[in-house]
**Q** 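Sharing a structure below in structure tokens format, with a few things to ask.
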2 protein chains.
Amino acid sequence: MAKNGAEKRSRRVTIREVAEDAEVSVAAVSKVLRDAYGVSDALRSKVRASMDKLGYRPLAAARGMRGQTYTIGIVQPDLRNPFFADIMTGVDNALERTQYRTLIGISQSSTDGEVAAVDAMIDRQMDGILLIGAITNRGNLDAFARGKPLVTIGHHEPAATLFDTVNTNDQQGAMLAVRHLAANGYKRIAMLSLNSDTSTIIAEREIGYRRAMMEAELGRHIQVVHSAQTPREAQITARRMLEPASRPEAIFCWTDFIALEVISVATELGLRIPQDVGIVGYDNTMYCDFAQNGLSSIDQSGELLGLQATRLLIERIKGRDEAEHFVVTPRLVARRSSSRR
Amino acid sequence: MAKNGAEKRSRRVTIREVAEDAEVSVAAVSKVLRDAYGVSDALRSKVRASMDKLGYRPLAAARGMRGQTYTIGIVQPDLRNPFFADIMTGVDNALERTQYRTLIGISQSSTDGEVAAVDAMIDRQMDGILLIGAITNRGNLDAFARGKPLVTIGHHEPAATLFDTVNTNDQQGAMLAVRHLAANGYKRIAMLSLNSDTSTIIAEREIGYRRAMMEAELGRHIQVVHSAQTPREAQITARRMLEPASRPEAIFCWTDFIALEVISVATELGLRIPQDVGIVGYDNTMYCDFAQNGLSSIDQSGELLGLQATRLLIERIKGRDEAEHFVVTPRLVARRSSSRR
DNA sequence: CTGAAAGCGCTTACAG
DNA sequence: CTGAAAGCGCTTACAG
């Protein structure tokens, strides 16, 4: 069994060996490790020297049994969405010059998957959890938050008290998209949304879409189509939407990723963008800027969201227990895909 | 300090409470948990009932102190490269119906970052480590492998004995790309490679490129240009390569991601693809298939790589200690970007 | 300022 | 088949 391999594996240097080498107590070494108060400079440097000499590294799991593991767990639904990389840039910036490391878990875009992923993080003694694109209900989120400090990104729960939320104003983001398309002369503007009755950001974007359509007196053209987020499903849905009989003049997509699929299908069908169909995405990921895409999109500052969420999480870990709810104002970035004028 | 928040946090149900509830010993509960031998059905079901009743969840960190954590650490250099998602699909498939979970760490594309990321995994008691796109030297890899079972994806080290490697034949992949371009009438074929003197897969691809160019009697046109993998750097390099004076007829890019940048810059400059410039990428990620890209690419079966690497890692965890080196044959997928004939 | 001792939640021989 | 006890590598009161 595991014995063979394990036996041969090099034993770790422990805090006890460092203590022996430095001729101090184990407790003293622990204090140096944690930068705790009440350690003389002489003792500290003696211990540091022994640590270096022996190549000591603290075992996070053991530290976690009593104190912290200095690890933040990030739970994310879909590795294929490049927006996640933007968020992570902000997270990394916030964590620079701290002892914390991040570990990423994938929630597989289902409620069960999300619960399992967060539970796994709690079981593995993360000091705090950053949950991205949550789709589970308030009850579960509260339960998570009772287990560990919790901050969500991309989930609206303004009345939550046990955890913090970080969002852009998604309703406003959708309104920016619709107003922009309307200003460019598009009237039959459809929305290609995510097939989810649990995502609050999707709900908000749909509300914004409807509101802006009404405001622009295009209420009779309101059409919301839902699709799963797999490339395959998105493609099928796009193909259906672009059939000549019912083709909208413009499509507002809930994320860039899906908008790129629509551009692809439209291109295949010989449709010209933006003349035959206008397209606006969401997230303003790096793909929008490629000349072959030229995709207009709603920028929600992923980097800022990641940065702010991480700051809030650290505060929570340090003991804050009043909730904070942070909301960023989105911004439209117009490119070729929607500029008919 | 952390006290306030921590004090309020709900205490976990421990193995001891389960034992009390089921009126058995702690050791008995542990055995049920691990599906160990020597437990009667009666005892097992009694314990299971108590676990469910109390909502018991084992604490991985505590298990790890003596046994396994049932966690596999995956270290990866760049979240923006979509090829990683393909690998993860294979990993997840291999782990289905096992107790293992994955946790992903980012190595920031530097040697120091890679060492730090792997060390962090070891400190956090992962049962095994999957290292993707390694750039560190043999000595460090051996040191990692002495700490934990280790398998690499995308790193050639055929003589390694302490860890397994999983790769496509990168030399062959590059040769496929060049032969395909040559067959399509391109002669001045340049390679846009990664700025790295430590990546063995890059080295192999460059060797393959040179070999195929010689074979096609295009040796005088050999040109290898290096760029960092940030979108910005890639863009600057592409712009330089596409200047009229020195423009190659075709560019073979070390990864799709970079090829998309080249398509973007070429499109901006008004160059037609594939007439004015032919392009082939590597990895055959989902973006290749978008009609606006139509990017020919070398498929290296990311899903298979992930699946096989995970299987090997589990074997290592279970005790295997002879090295295995798995190599997949790459395959060219031709699309519009290179089809001049 | 320093250290001995208890304990975190598990697993592992070992004895019965 | 079952259980009492030691121990994994740390941190945390507490005493000096």
Side-chain angles (χ1 to χ4, degrees), chain A residues 1-3 6-7 9-47 51 54-71 99 122-125 127 147, chain B residues 1-3 6-7 9-47 51 54-71 99 122-125 127 147:
Chain A
M1 297 295 298
K3 292 330 286 306
E7 223 75 276
R9 249 164 247 308
S10 55
R11 282 182 50 72
R12 286 184 80 94
V13 177
T14 70
I15 200 175
R16 152 167 289 148
E17 295 167 53
V18 174
E20 276 167 16
D21 185 83
E23 300 182 305
V24 300
S25 74
V26 163
V29 178
S30 172
K31 282 190 178 159
V32 172
L33 208 58
R34 287 172 290 127
D35 274 322
Y37 64 96
V39 194
S40 67
D41 287 355
L43 186 144
R44 192 196 321 278
S45 56
K46 221 174 19 174
V47 170
M51 285 181 173
L54 302 175
Y56 170 75
R57 295 184 58 88
L59 188 68
R63 304 184 80 174
M65 297 288 296
R66 300 287 298 193
Q68 288 192 242
T69 56
Y70 300 96
T71 315
Q99 288 198 64
I122 295 176
D123 297 345
R124 281 158 184 79
Q125 292 282 76
D127 290 339
Chain B
M1 294 299 296
K3 294 326 287 303
E7 222 75 276
R9 252 163 242 308
S10 54
R11 280 182 53 74
R12 285 184 82 93
V13 177
T14 71
I15 200 176
R16 151 166 291 148
E17 294 167 55
V18 173
E20 276 167 16
D21 185 84
E23 300 180 308
V24 300
S25 75
V26 164
V29 179
S30 173
K31 281 190 179 159
V32 172
L33 208 56
R34 285 172 292 129
D35 274 322
Y37 66 97
V39 194
S40 68
D41 286 355
L43 186 142
R44 193 196 321 278
S45 57
K46 221 173 20 173
V47 170
M51 284 182 176
L54 301 176
Y56 170 76
R57 297 184 57 88
L59 188 66
R63 304 183 79 172
M65 298 287 298
R66 301 285 300 193
Q68 289 190 241
T69 57
Y70 300 96
T71 314
Q99 289 197 63
I122 295 176
D123 297 344
R124 281 159 185 78
Q125 293 282 77
D127 290 340

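Chain naming here is simple, since letters A, B, ... match the order of the sequence lines and numbering starts at 1 in each.
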**Q** Please work out the stems of DNA chain D from pairs that are Watson-Crick or G-U wobble with both distances under 3.5 Å, keeping only runs of three or more consecutive pairs.
**A**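 The stems are C:1-3 with D:14-16, C:5-12 with D:5-12, C:14-16 with D:1-3.
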**Q** Apply side chain to side chain contact (heavy atoms under 4.5 Å, CB included) to A:D35 and list each qualifying residue two or more places apart in sequence or on a separate chain.
**A**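 Side chain to side chain contact (heavy atoms under 4.5 Å, CB included) list for A:D35, sorted by chain: A:R44, A:R48.
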**Q** In residues 58-66 of chain A, which ones come under 4.0 Å of DNA chain D, going by heavy atoms?
**A**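 Per residue number, the list reads A:P58, A:L59, A:A62, A:R63, A:M65, A:R66.
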**Q** If you take all heavy atoms of B:T69 and B:D127, which pair is closest and at what distance?
**A**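 Closest approach of B:T69 to B:D127, heavy atoms only: N-OD1, 2.9 Å.
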**Q** Can you tell me how far the CZ atom of B:R12 sits from the CG atom of B:L59, to the nearest 0.5 Å?
**A**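 That separation rounds to 5.0 Å.
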**Q** To the nearest angstrom, how far is B:R57 atom CZ from C:dC8 atom P?
**A**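 Checked: the CZ to P distance equals 21 Å.
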**Q** Could you tell me which residues satisfy side chain to side chain contact (heavy atoms under 4.5 Å, CB included) with B:S25, sequence neighbours excluded, listed by chain and number?
**A**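 By the side chain to side chain contact (heavy atoms under 4.5 Å, CB included) rule, B:S25 matches B:A27, B:A28.
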**Q** Using 0.5 Å steps for rounding, measure from the CD atom of A:Q125 to the CE atom of A:M65.
**A**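 So the gap between those two atoms works out to 7.5 Å.
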**Q** Would you kindly give the CD-to-P distance between A:Q125 and D:dG9, to the nearest whole Å?
**A**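 So the two atoms are 17 Å apart, to the nearest Å.
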**Q** So, OP1 or OP2 of D:dG9: does either fall under 4.0 Å of a side-chain N or O from A:T14?
**A**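 Indeed not, no polar side-chain atom of A:T14 lies that close.
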**Q** To the closest 0.5 Å, what do you measure between CG (B:D21) and CD (B:E23)?
**A**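 Going from CG on B:D21 over to CD on B:E23, the span is 8.0 Å.
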**Q** Measure CG/B:D35 against P/C:dT12 and give the value in whole Å, please.
**A**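 Atom CG in B:D35 sits about 13 Å away from atom P in C:dT12.
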**Q** C:dC10 P sits how many Å from B:M51 CE, rounded?
**A**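 Roughly 9 Å, once rounded to whole Å.
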**Q** Report all interatomic pairs (protein N or O, nucleotide N or O of nucleotides 1-5 of chain C) with separations under 3.5 Å.
**A**
residue, atom, partner, partner atom, Å
C:dT2, OP1, A:S40, OG, 3.1
C:dT2, OP2, A:S40, N, 3.0
C:dT2, OP2, A:S40, OG, 2.9
C:dG3, OP2, A:S25, N, 3.2
C:dG3, O6, A:K31, NZ, 3.3

**Q** Without decimals, in angstroms, what is the distance between B:L33 CG and C:dT11 P?
**A**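 Taking CG of B:L33 and P of C:dT11, I get 5 Å after rounding.
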**Q** Would you kindly give the CZ-to-C1' distance between B:R34 and C:dA13, to the nearest whole Å?
**A**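 Between C1' of C:dA13 and CZ of B:R34: 11 Å.
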**Q** Which distance, rounded to the nearest 0.5 Å, do you find between the CG of A:L33 and the CZ of A:R63?
**A**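 If I round to the nearest 0.5 Å, the distance is 4.0 Å.
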**Q** Nearest-Å distance, CD1 (A:I15) to C1' (D:dT12)?
**A**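 Result: 12 Å.
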**Q** Could you tell me which residues satisfy salt bridge (Lys or Arg N to Asp or Glu O under 4.0 Å) with A:R57, sequence neighbours excluded, listed by chain and number?
**A**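 Applying salt bridge (Lys or Arg N to Asp or Glu O under 4.0 Å) to A:R57 gives B:D119, B:D123.
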**Q** Can you tell me if the side-chain N/O atoms of B:R16 get under 4.0 Å from OP1 or OP2 in C:dC8?
**A**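 So the side chain of B:R16 is outside the cut-off, no N or O lying under 4.0 Å from OP1 or OP2 of C:dC8.
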**Q** Can you tell me if A:Y70 touches the phosphate of D:dC10, counting only side-chain N or O atoms and a distance under 4.0 Å to OP1 or OP2?
**A**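 False: A:Y70 side-chain N/O out of range (4.0 Å or more) of D:dC10 OP1/OP2.
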**Q** May I have the distance from A:E17 (atom CD) to D:dG9 (atom P), rounded to whole angstrom?
**A**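 In whole Å, D:dG9 P and A:E17 CD are 8 Å from each other.
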